[in-house]
Structures are given as C-alpha cells and as structure tokens.
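Below is one structure, written out as structure tokens; the observations come after it.
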Amino acid sequence: MATTATEICAPDRRARRGSLLRRRLFDLVGWGSSALALLLLGGAMLWILGVVFLRGLSALSPTILTHVTEGYGGGLLNAIEGTAVLALGGVLLAAVPGLAAGIYLAEFDAGRLAPFIRFLADVLVGVPSIVIGYFGYVTLVVDLGWKFSVAAGSLALAIISLPYICRTTEMALRQVPRALRESAYALGAGDARVVLGICLPAALPGILTGILLALAISVGETAPLLYTAGWSNYLWTGHLTNEPIGYLTYAIWAFITEPFSSAHALAYAAALLVTLFVLIISILSRTILEGWRRRSPWERPAL
Amino acid sequence: MNFRRFTALVGSIVGVALIVMVAFLGIYAWPAIRFNGWHFLTQNNWNLGNLYANPITIRGQQILPAAHYGILFLIAGTLLSTAIAISLAVPVGVGAAIFLAEGTPPMLRSWVSLFVELLAAIPSVVYGLWGYVVVIPFLSHRVYPWMAKYLGFIPFLGGHTGSGYGLLTCGLVLTLMIVPLITATLRDALVSQGASRREAAVALGASRFETVWTVLLPEVRRVLIGSSILATGRALGETMAVLMISGNAVNYLPHNIYAPISTMASFIVSQLDSALTDPTGMAVRALAEVALALCLISILVNGLARVLLYYQDRHSAGV
C-alpha cells in the first residue's frame with residue numbers, strides 16, 4: 001500500500017513520462033502529416049503547371065496566334081477571338097443584374113426578398129455547369145431556334161457569372177462603413193445617389209474583383225459551351241444567332257484526343273493560353289483586393 | 001419606381017434564373033419522366049432502342065422499340081468517384097489548412113496559400129488534359145500494378161487494373177480539384193479564431209499542435225462540414241476532367257476500383273450526339289432528365305451546406 005509521498009508519485013510519474021512521449025509523437029505525426037498534405041498539393045500544382053507550361057511553350061508559335069484552325073492544324077485565332085467574345089458577352093450580360101442583386105442584398109437587407117435571393121445565388125454557384133449548358137441547349141438552341149451561337153453561349157456563361165458578381169458585390173459593399181451612408185443620407189441624398197454615388201465608388205476594387213473572377217471562370221468553362229456555342233473554324237462574322245463560334249477550351253478537349261501532332265500542338269497551346277489568363281486574373285484580383293483592404297482609410301483607428 | 005424596388009426587381013433575376021432552369025428542364029424532361037418512371041434510377045440499361053424501326057407508343061409516349069433508359073451505372077459512378085474524392089480531400093484539406101494557418105509564418109502564408117488555392121482556379125478541361133496526357137500513363141504503368149500486387153488483399157483493390165481510365169483516376173483528380181475549397185475556407189476560419197482560446201490552451205500546457213487539434217479544430221467543425229459538403233457538390237457536377245479520364249463506361253457497374261465509369265455530368269456531354277439520332281427525341285429528353293436529377297442533387301447538397309454555414313456565421317457572430 002502506498003503511504004509515502006514518493007510511493008504515491010512514482011507510478012504517476014512513470015505514466016506521465018509515457019504520456020509525454022505519446023504527446024511528443026502525436027505532435028510529430030500531426031505536424032508531419034499536415035506538412036505532407038501541403039507538400040502534396042504544392043507538388044500537384046507544380047506538376048500541372050509544369051506540364052501545361054513546358055508543353056504549351058514548345059507548341060506555341062506565331063502561326064498559332066495569327067491563323068485560324070484548318071482541319072487538325074493551323075492556328076487558334078478563331079478560338080482566341082471566340083473566347084474573348086463569349087466571356088466578355090457573358091460578363092456584360094451578368095453585370096447589371098448581378099450588381100443590382102448585390103446592391104439589394106447589401107443595402108436593403110431588410111427587404112423581404114433578400115434571404116431568398118442570397119440562398120438561391122449560393123445554390124446557383126453549386127449547380128454543375130453542364131446542367132446550365134443543357135438548359136441553354138434545350139431552351140435557347142432548340143426551342144428558340146438560335147442554333148449554336150454567340151447569344152446562347154454568352155447567356156449560359158452569364159448564368160454562371162451571376163452569383164459570383166452578386167455575392168462579391170454584396171461583400172464589397174458591406175465593407176463600406178455605415179457612417180459614410182449616414183452622412184450622405186443626412187445631407188439629403190436619396191437611395192440611388194447614396195448607393196451609386198457614394199458606396200459603389202468606395203467599394204469599386206472589391207466589385208471589380210468579382211467581375212474579374214467571373215471573367216476568369218467564363219474563360220475556363222467548357223461544359224456549358226459545348227452545346228450552346230458549338231465550334232467553328234472561322235472568325236466570327238458578328239451574327240448573334242445561327243452562327244457557331246470557336247473557343248479555346250474546346251480546342252483543348254477536342255484536339256488532344258486526335259492522333260495528329262499538329263492537333264496536339266493546338267491543344268497544348270490552348271491550354272497554356274487559358275491557364276495563363278486564368279492565373280493572371282486570379283493573382284491580379286487577389287492583389288487588388290489585398291491592396292484595397294490594406295489601404296482602405298476607414299480601417300485606420302480614429303484619432 | 002424607386003431605386004430599392006428597381007434593384008430588387010433586377011436582382012431577383014439571380015434567383016429566378018435557378019427556378020426557371022429547374023422548371024424548364026422539368027417541362028422538357030416530363031415525357032421521359034412519365035415513360036421511365038422509377039426504373040430510371042434503379043435499372044442499368046441505357047439503350048436508345050432500334051434506331052431503324054418505326055416508333056411505337058408506350059404509356060402515351062412515342063419511343064423506339066426496345067428503348068430503355070436506366071441510369072443506375074451513372075449514379076454508381078458519380079457517387080463512388082465523389083466518395084473517393086471527398087474521403088481523400090478532407091484529410092488532405094484539413095492537414096494543409098492546419099499547416100498554412102498554424103505552421104507557416106504570416107509573411108509566407110498568403111503566398112503559399114495563393115499558390116495552393118490556385119488549384120481551384122485551373123479550368124476543369126486543363127485537369128482533364130493533364131490527367132489524359134501524364135497521369136493516366138503514370139498511374140496505369142507504375143502505380144496501379146503495384147497497388148494490385150501489394151494491396152490486392154483489400155477488397156476492390158485487387159484484380160485487373162485496366163487501362164488507367166477509371167474510378168480511382170477520377171477520384172484522385174477530383175480530389176485535387178476540390179481540396180482547395182476545403183483548405184481555403186478552413187484556413188480562414190482557423191486564422192480568425194481569437195487569441196484567447198489559444199492562450200488558454202497553451203496556459204494549460206498544450207503544445208501548439210494539441211491546441212489546434214483539441215481546441216481550434218472543434219471550434220470550426222461546422223465550417224469543415226459545410227465546406228466539405230460544398231466540395232462534394234463540386235465533385236458531383238465535375239464534367240470535363242471526368243469526361244477525359246473516366247473511360248466513359250456505359251451500362252457497366254465497376255467491379256473494382258480501377259474499372260471504367262461514367263458520371264451523370266460527363267454522360268450528358270458524351271451522349272448528346274448519339275441521343276440526337278433518336279427520331280422520337282425521347283433520348284434527348286432522357287438526357288434532360290439526367291440533367292434535372294443532377295441539378296436537384298446539387299441543389300440539395302449545396303442547400304444543406306449553406307444552411308450549415310449560415311448557422312455557423314450566426315453562431316460565431318453571436319458569441
């Protein structure tokens with residue numbers, strides 16, 4: 001029977017030494033596996049970028065940038081033009097409703113529609129893009145008879161862009177301090193002037209980030225365009241309907257499975273262009289956002 | 001009309017778009033829904049029927065003789081590839097988020113995070129290209145034979161490893177595509193946890209990792225669950241990458257983890273051309289039914305995730 005202090009503490013101390021070892025081990029395994037997880041992701045990113053950049057750069061040539069596609073060779077000028085037209089068209093179509101929804105959610109939060117719009121926008125972000133593409137095919141291409149066209153492709157991309165523009169606009173407007181609005185209202189400005197004249201300019205970098213993000217997503221999309229925009233080897237002649245149009249992501253998907261090295265070159269070059277554009281836009285928008293947050297005058301402590 | 005009404009009216013396009021989409025897909029798919037009934041989800045026989053025969057009428061719908069539309073193999077392929085992806089993505093995502101939030105100096109953190117999270121910005125079709133060109137040869141020649149040989153005693157890991165196009169390849173590539181969603185959200189949540197809890201844990205003698213594991217991580221579990229469900233939704237609907245690396249099996253249930261599959265999203269792309277050869281149009285409507293089912297699943301999954309995340313926001317805002 002343990003009576004002295006040493007005897008009472010002895011087994012305890014041994015147990016504690018064991019548990020200390022176990023704790024050290026737990027720490028080591030914990031940090032080790034989380035570092036491994038991060039290394040895995042970084043390694044995969046390097047691998048993807050390596051493949052895209054190495055093969056893309058060796059495939060890229062002036063011909064590809066200045067000629068249209070001919071069979072399984074030629075260039076990608078038609079696809080570059082098409083991607084620009086479709087993505088800009090989609091973002092332009094989505095800008096006004098997206099901004100309006102963002103303004104409504106941020107400024108008139110008490111409105112009865114706000115929770116519904118917010119929820120539906122968040123769910124719309126998660127709807128697979130192929131579903132949006134098939135919806136476009138069924139309604140625009142078939143029912144309205146637009147055929148594969150710029151209008152159908154841009155509308156599909158607009159639906160995809162809407163929730164991004166809406167939610168980033170809302171977030172950006174929420175960063176604008178209440179005092180700014182109150183002073184504007186106190187000076188007698190109406191809703192429209194307060195939002196458009198005061199809040200929107202103050203939140204512009206954040207809103208711009210959302211629009212850039214939507215643009216990057218539109219440039220990288222394939223599935224919603226396959227059955228709305230189609231594919232064309234020629235430059236766009238300006239018709240909104242009844243004329244299919246090419247785009248870069250289609251070239252990646254369609255040409256890599258062809259057995260010709262000229263087709264592979266087009267696919268790699270297209271992959272390089274798309275990835276480069278998307279990465280630049282993503283980094284740019286992140287830089288804008290962080291610079292804005294750091295500089296924003298209303299985050300300085302009041303004197 | 002005042003400005004507030006105007007923004008409400010124009011802004012509601014965002015919500016209306018989703019409702020209109022579900023409604024139109026439903027209307028377009030209705031004849032197929034009537035014809036297929038529940039067999040659509042439980043049978044494994046996607047068959048356009050005899051394309052050269054005269055259409056017949058069954059249950060009020062004009063179809064080709066012997067036409068059947070059962071998508072059990074698509075549901076299996078979608079759920080299995082997503083299950084593999086999410087079960088790999090959660091541990092990797094949590095590990096990376098812990099290391100980014102707690103193990104990386106703040107100076108480096110934003111750059112390393114950006115680099116890893118750009119994985120989410122890379123277009124799906126580029127993942128498909130990467131998978132098709134380098135990952136499939138690598139996995140099918142080096143990794144899968146090794147796995148089948150040494151891990152073959154585990155059910156579904158043994159047997160014929162096939163060409164590399166298939167379930168596990170899809171699962172692995174999908175993992176990379178959805179991990180950044182989990183990592184980014186969780187890292188933000190961990191970084192924004194207040195200093196007081198950390199200090200309390202350290203004062204009780206916890207090491208840094210113990211603080212993260214036993215104090216901070218339980219605090220953000222709702223964020224973890226929410227972002228994992230969002231990531232699940234993304235994996236369920238991924239199209240182009242899966243299309244290029246899944247093998248696009250039709251009417252085939254995978255017998256092991258290497259077997260070719262097809263998912264609902266990729267099937268819509270791969271089958272529309274052949275569906276258009278059906279003169280009755282029923283095949284195109286059946287594909288619309290696939291799209292509708294996929295849409296409803298993703299609405300369900302995303303709705304659930306959003307409800308959880310809203311709840312967490314309100315919860316943490318109230319504390």
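Letters A, B, ... are given to chains in the order of the sequence lines, protein chains preceding strands, and every chain is numbered from 1. Remember, predicted model here, so these are calculated numbers, not experimental data.
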Roughly how far apart are [X] [atom1] and [Y] [atom2], rounded to 0.5 Å?
X: A:Tyr104; Y: B:Phe3; atom1: OH; atom2: CZ; answer: 12.5 Å
X: B:Arg4; Y: A:Ile103; atom1: CZ; atom2: CD1; answer: 12.5 Å
X: A:Trp253; Y: B:Met240; atom1: CH2; atom2: CE; answer: 5.5 Å
X: B:Ile122; Y: A:Ser282; atom1: CD1; atom2: OG; answer: 9.5 Å
X: A:Ile252; Y: B:Leu129; atom1: CD1; atom2: CG; answer: 6.5 Å
X: A:Asp122; Y: B:Asn302; atom1: CG; atom2: CG; answer: 8.5 Å

Please flag which part of [X] lies under 4.5 Å from any non-hydrogen atom of chain A: side chain, backbone, both or neither.
X: B:Leu292; value: neither
X: B:Ser266; value: neither
X: B:Val112; value: side chain
X: B:Arg234; value: neither
X: B:Ala206; value: backbone
X: B:Thr239; value: side chain
X: B:Phe115; value: both
X: B:Leu243; value: side chain
X: B:Phe267; value: neither
X: B:Leu276; value: side chain
X: B:Leu119; value: both
X: B:Glu117; value: side chain

Among [options], single out the residue with the greatest number of heavy-atom pairs under 4.5 Å to chain B.
options: A:Leu120, A:Ile159, A:Val125; value: A:Leu120
options: A:Ala35, A:Ser34, A:Ala101; value: A:Ser34
options: A:Glu221, A:Arg112, A:Arg118; value: A:Arg118
options: A:Val219, A:Ile281, A:Leu124; value: A:Leu124
options: A:Leu196, A:Leu213, A:Val142; value: A:Leu196

Do you know which of [options] has the most heavy-atom pairs with chain A at a distance under 4.5 angstrom?
options: B:Pro180, B:Gly93, B:Gly237, B:Gly128; result: B:Gly237
options: B:Met244, B:Met264, B:Glu210; result: B:Glu210
options: B:Val269, B:Leu176, B:Val179, B:Ile13; result: B:Val269
options: B:Val284, B:Val301, B:Val94; result: B:Val284
options: B:Gly233, B:Gly303, B:Ala305, B:Ala97; result: B:Gly303
options: B:Ser110, B:Gly131, B:Gly95; result: B:Gly95

Q.
Walk me through whether B:Leu287 and A:Tyr134 qualify under side-chain contact (heavy atoms from CB on, under 4.5 Å).
A. CA-CA 9 Å; B:Leu287 275 185; A:Tyr134 205 77; 3.2 Å; yes

